Structures are given as structure tokens and as C-alpha cells.
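Worksheet for the structure shown next.
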Amino acid sequence: MRRRAFMKGAGTAALLGAVGVAHGAGPAAAEPVWNDLFRSWVPEIFAPVPDPPEHSPAIVVGSGFGAAVAALRLAEAGVSNTVLERGSRWPNDPWREIFTGDDLPDGRGFWHRTSFTGVTKVPMRFADFGGVLDVTEFSGIDVWRAAAVGGGSVVFTGAMIAPERRFFDKIFGGAVDFDEMDRVYYPRVRQQLRLNPLPPDLYAASPFSHTRRWDEQVRRAGYQPLANDSIFNWDILRGELSGATRPSATAARSNLGNSNGAKFDLNQNYLKYAQETGKSAIFPGHRVDAIAQDPGGRYVVTVTKLDPIGTVLATRTLTCDRLFLGAGSIGTSELLARAQATGALPNLNEHIGDGWGTNGDVVLARVDNSLAGTGQGVPSASRIADDSGLPLTLENWFIPGVPLETGALASLGMVLDPTRARIGYDPGRNAAALSWPRQAQDQVVEACRAVDHRIAERSGAVFDYVTPLGYDANAVFTAHPLGGAVLGRATDNYGRVHGHPGLYVVDGAAVPGSTGTVNPSLTITALAERNLEAIVRAGR
């Protein structure tokens, strides 16, 4: 009986994937049709975008967690700043499908690519467009990162958790005081983002049947689930259940955005508050291609203005007195590595590109045949910690890419992996270069599988969600790239880049490869709060 449920769920996933291939398939000639559809569905992102000023006191590159903090805190200090974001500024609507789902995605989902194979390992094809998720393929690892105003807050699963002190201290090596973070900056972010665990009424609701069953299984295995703080707006989820808004966060929508604003993303807080000061202006569709410093000490930023289809509208050179890099681990590190290799920033030190890691990301699923109805509520309610091998957590997760009940219980694993790589610059491609060792990925997968297998054995589940084609629900990827411009190495302990006064790193590039078996978003945001406070106070 269990095997039948198992195969039925696997067959459903494969069927959905096959439909998805047809759904988005087609020659390049079909792209104008899709572009017309996107224009009719989300006309807001096609509206003309004004040009940023030629010179700004400060430019912030990117609009994710660290960049958004920089924009707001600079603005509050009276420093006018220009925020440059390559992606679009997507609206929210309670009834329109602003974003696509990753079960049958179209071009709104991905940043200028035409195919994607996620954790289901079913290839999807679609039209080239400026969608919200950039999947960059490096040697040994795929890196998922955002391309939208709001950065990772638009495409993440919402869990925001502080690491344990012992792991934090091991990772940062004294460059950052955990007590200060725990006393001041983590609470500040929790309050600003209104973080709370999944409330009891939603936990008991049908879309979270997989959550309850996951918790039951880990308890049978001797673990105590720990509640996860989340960025989701619980009232909007209640509205989904009552019919007041189109289902999204209760219907497997997360990795490619929540159309109804169920996530309390940065567009609804830090970025909004920054703009309300009148001192911060956000310019979507502006890709930063290169940074340099002129003889007078001003920073020079080369920018390409794009429309959502990818048409180049203009290329400009902007200047600023201070430059804050918040383009994410890959984006920030690539800009610095290019500037170092080309001599545009000649005083960067030898640590540029070092300390890069995946946060030990792993996706696993085990089978359970007791679930009834749909169970694809997105917010992660709980996690467990395990120190029996490499320290790790497994987080309760929905099955991305499959909107129906599959008979599987998914986990996002995060392992305290000491492996670090270096981001370099490939002049032939004019892009970042990175090679991730396969043995490192195999090691973190095995560590998570050992714990997942133990849970399965003790709870009577089937270990590993294996499809009829013989593969398990796992992908060689990271959604949490970290490092490349690490605090205390490429920068001082507050993100000031060595050798170039007025240049700062404010995002995950400053974090040395891991945030200690938890999602990085809370730590990145809290570090940015800490560092911006010091920078503003010192005036440099």
C-alpha cells in the first residue's frame, strides 16, 4: 500500500513536469507572444523607469536584505542614496497571478534563461525573460539568487533564524560579537520584519498537513521540533483559506514569488521606509556591470539599463562619493574580482574572492502515505538539530515544483560544512568563475541523509523519495551563497573594503561561507544593521 502511494505521488510529479515542458516550450519565434502576455499580465514592470542621477552621495548596488538596510539607514542619516537593481519591481495583487509557479513556470520565473531543472529533476522550458530567480551554473554547483527589487526576500521560503553562539563564534572567529548581535541587532530585525512562528490555527489547517506529519515523524525518532520564525503575513494566509485572496503561500507558491504579498518582503518595509524619507530612490532595470575609482576618489559605476525583455535601453557611467555593494555573494564578489583583475580598483587585497561557501544546503524527501488532500503550505514551521556527525539542521519544507499531494515529506538541510572556495574572474566570459568540489557536496548530502534515514526508520516511513526513473528528490544547488568578500579579511570588521575608503560590502558576501546550520537572511540583515550603524556613526 505504501509503495502504491509512493509511486502515485512520483507519477504525479513526473506528469506535471511533462506538462510543464510542453507549457513553456517553443522556438524563439514564440517569445514575442509570451512577451505580450507578460505585458498584459503585469503591465507595471513595463512602465518607463526614470534615469538615476549622474552623481549621488551614495550608490547602493542591489536591493536585498543588506542593501535595503543600507538604503534606509543612510537615508535616515540624511545621506541621499541611489539604489540600483537589475531586476524589475514587481507589484502584488490579491487576485492576479503576478508571479508564476515553479510547477509549470513561464519566463516570469527566471532571469533570462529558457530551461530549468529543479529538485524534482524534471526539465522545464519557457521563454527568455527577466524573471525573478537567477540560476547560475558553476562547476560543481548551481547557485540560486534573486533578480528583483527586494532581492532574496521575494524568492525565499521566509524562515529567519539566528544561529547558536558556538557555531557563530566558530564561523566569524571573533570578528563579530555574538552577544552584541543577540542583544541588539537580531531583535531589531525581528521587530522590523515582524517575525513570528506559524500560528496554531494555520498549523492545524489542511495545507499544513505535511508540516504536522513531519513533526510527528521527527518526534517518533527522538527529536524535538524547534519553531521557526517567519516573515510571512499570517493574515494573508488566513485570507487565502477564507477565499478573500487567490491561494499562493498555501498552494506551493514561494520560490518564484507570492503574488498576493503573503511574504512581508523588503518592498513592504525597509525599501518602502527608505523611499518615504525622500532621501532614497530605487531604480529597477539597472544592471551594474563594473565599478572603479577615479583619481579624485569618486567611485565610478558602469550601468546598463534594461527592459524586462532584456533589451538594452542605455549604458551610462554614474559616480558617487560612497559605494555600498549589496548585490549578493555572487554579484558583489564578481564586481570586486573584475575590478581587481582589470586594475579598476588596484588596492584590493589578496582576500577578494575568498571564503565562499554554500551554507551546506541539501534538499531531501522521505515518503509518507498517510497524508490526505493537499498539503503544500509554504512557510517552514519547524526544524530539528543534529550533532551526531557534521552538525546540521533539517527544516520542514514543502515540495517545490509540485502543487499537489505527493506522499512525500521534504526537508531543507543546512550543514556546518567547513569547505570554502574562491570566486575568481574569467576574462573570456567577463564573469565570475567558481569551482565547487563534488566531494564536499557529497559529504553534506550524506550527513543529511543519515539523519533523514534515521527518522524514516524510527517512524515507519520510506527513506528517500525515489521516482520511477530512479532518482531521488535532491539537487546539487545552493540557495544560500555566502562569502567572497569576508569581514576581517577583504574588509574590516564592519564591511569597509581594505584599500578603498568609501567602498563597503553590506550583504552575504561578507559572511564566511556559512551561518551555522540556519538560513542566512536574519544574520545578513542583522550584520548590515550593525555595520551601517558603525559606518554612519563614524561618518565613514
Side-chain angles (χ1 to χ4, degrees), residues 59-62 64 66-67 70 84-86 111 134-147 151-152 286-294 299-304 317-318 320 322-359 419-437 440 478 480-492 495-514 520 524:
I59 286 178
V60 180
V61 181
L84 303 175
E85 167 60 54
R86 62 178 173 158
W111 179 255
D134 180 335
V135 178
T136 305
E137 297 166 2
F138 292 103
S139 174
I141 196 77
D142 289 352
V143 178
W144 299 5
R145 52 196 180 115
H286 281 78
R287 185 188 68 207
V288 173
D289 297 321
I291 58 175
Q293 192 170 24
D294 68 19
Y299 286 95
V300 180
V301 180
T302 303
V303 180
T304 298
T317 299
L318 310 178
C320 60
R322 292 196 279 176
L323 179 58
F324 293 80
L325 301 180
S329 169
I330 298 294
T332 289
S333 301
E334 180 176 333
L335 288 171
L336 289 170
R338 180 184 292 118
Q340 185 176 53
T342 60
L345 293 176
N347 299 324
L348 296 174
N349 73 15
E350 71 277 15
H351 297 298
I352 294 296
D354 285 348
W356 191 87
T358 68
N359 203 44
T419 308
R420 297 292 178 265
R422 178 180 176 86
I423 296 180
Y425 171 66
D426 180 349
R429 296 186 304 115
N430 189 28
L434 172 68
S435 180
W436 187 248
T478 179
H480 300 141
L482 298 167
V486 171
L487 291 178
R489 299 178 69 185
T491 77
D492 73 359
R496 302 178 181 96
V497 177
H498 291 309
H500 288 277
L503 179 61
Y504 311 88
V505 172
V506 296
D507 59 14
V511 178
S514 172
I524 291 170

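From a predicted model like this one, the values you see are computed outputs, not experimental measurements. Just so you know, residue 1 is the first one in the sequence shown, and it goes up from there.
- A donor-acceptor pair under 3.5 Å is formed between the side chain of His500 and the backbone N or O of Asn347.
- Arg420 is linked by a salt bridge (charged side-chain N to carboxylate O under 4.0 Å, His left out) to nothing, counting only residues two or more places apart in sequence or in another chain.
- Across Gly326 and Val506, no two heavy atoms sit closer than the pair CA-CG2, 3.8 Å.
- In this structure, Thr491 and Ala485 approach most closely via the heavy-atom pair CG2-O, 3.9 Å.
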Starting from the C-alpha separation in whole Å, work towards a yes-or-no answer on side chain to side chain contact (heavy atoms under 4.5 Å, CB included) for His498 and Asp492. CA-CA 7 Å; His498 291 309; Asp492 73 359; 3.9 Å; yes

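- In plain terms, the two heavy atoms of Thr419 and Ala440 that are nearest each other are OG1-CB, 3.5 Å.
- Taking CG of Leu336 as the start and CG of Leu348 as the end, the distance is 6.0 Å to the nearest 0.5 Å.
- Considering CG of Asp426 and CG of Leu434, their distance stands at 12.0 Å, rounded to 0.5 Å.
- The structure places CH2 of Trp356 at 7.5 Å from CZ of Phe138, a figure rounded to the nearest 0.5 Å.
- Judged by distance alone, with hydrogens and angles left aside, the side-chain atoms of Asp507 form a donor-acceptor pair with the main-chain N or O of Ala327 at under 3.5 Å.
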Would Leu335 and Val61 count as a side chain to side chain contact (heavy atoms under 4.5 Å, CB included) here? Give the steps. CA-CA 10 Å; Leu335 288 171; Val61 181; 4.2 Å; yes

Apply side chain to side chain contact (heavy atoms under 4.5 Å, CB included) to residues Leu323 and Tyr504 and explain how you reach the verdict. CA-CA 6 Å; Leu323 179 58; Tyr504 311 88; over 6 Å; no

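- Of the possible donor and acceptor atoms, one in the side chain of Asn349 sits under 3.5 Å from a partner among the backbone N and O of Arg489.
- Here the shortest heavy-atom pairing between Gly343 and Pro346 reads O-CD, 3.6 Å.
- Judged by the 6.0 Å and 45° rule, Arg86 forms a cation-pi pair with Trp111.
- In this structure, Ile423 CD1 and Ile352 CD1 are separated by 10.5 Å, a value rounded to the nearest 0.5 Å.
- For Ala510, the side chain to side chain contact (heavy atoms under 4.5 Å, CB included) partners are Leu487, Val505, not counting sequence neighbours.
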Using the rule given for side chain to side chain contact (heavy atoms under 4.5 Å, CB included), can you reason through Arg145 versus Ile330, listing the C-alpha separation, both sets of side-chain angles and the distance that settles it, and then say yes or no? CA-CA 8 Å; Arg145 52 196 180 115; Ile330 298 294; 3.6 Å; yes

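- Within the 3.5 Å criterion, the main-chain N or O of Thr358 finds a donor-acceptor partner in the side chain of Thr478.
- Remark: the Tyr425 side chain and the Asn430 side chain contain an N/O donor-acceptor pair separated by less than 3.5 Å.
- Contact check on Asp289 versus Arg338 returns no salt bridge, with no Lys/Arg side-chain nitrogen under 4.0 Å from an Asp/Glu carboxylate oxygen.
- The OG atom of Ser333 sits 11.5 Å away from the CD atom of Gln340 when rounded to the nearest 0.5 Å.
- Between the side chain of Ser329 and the backbone N or O of Gly483 there is at least one donor-acceptor pair closer than 3.5 Å.
- With rounding to the nearest 0.5 Å, the separation of CD1 in Ile291 from CG in Leu503 is 5.5 Å.
- The backbone N or O of Leu84 sits nowhere less than 3.5 Å from a side-chain atom of His286 that would complete a donor-acceptor pair.
- Here the closest non-hydrogen pair linking Ala421 and Ser435 is CB-O, 3.8 Å.
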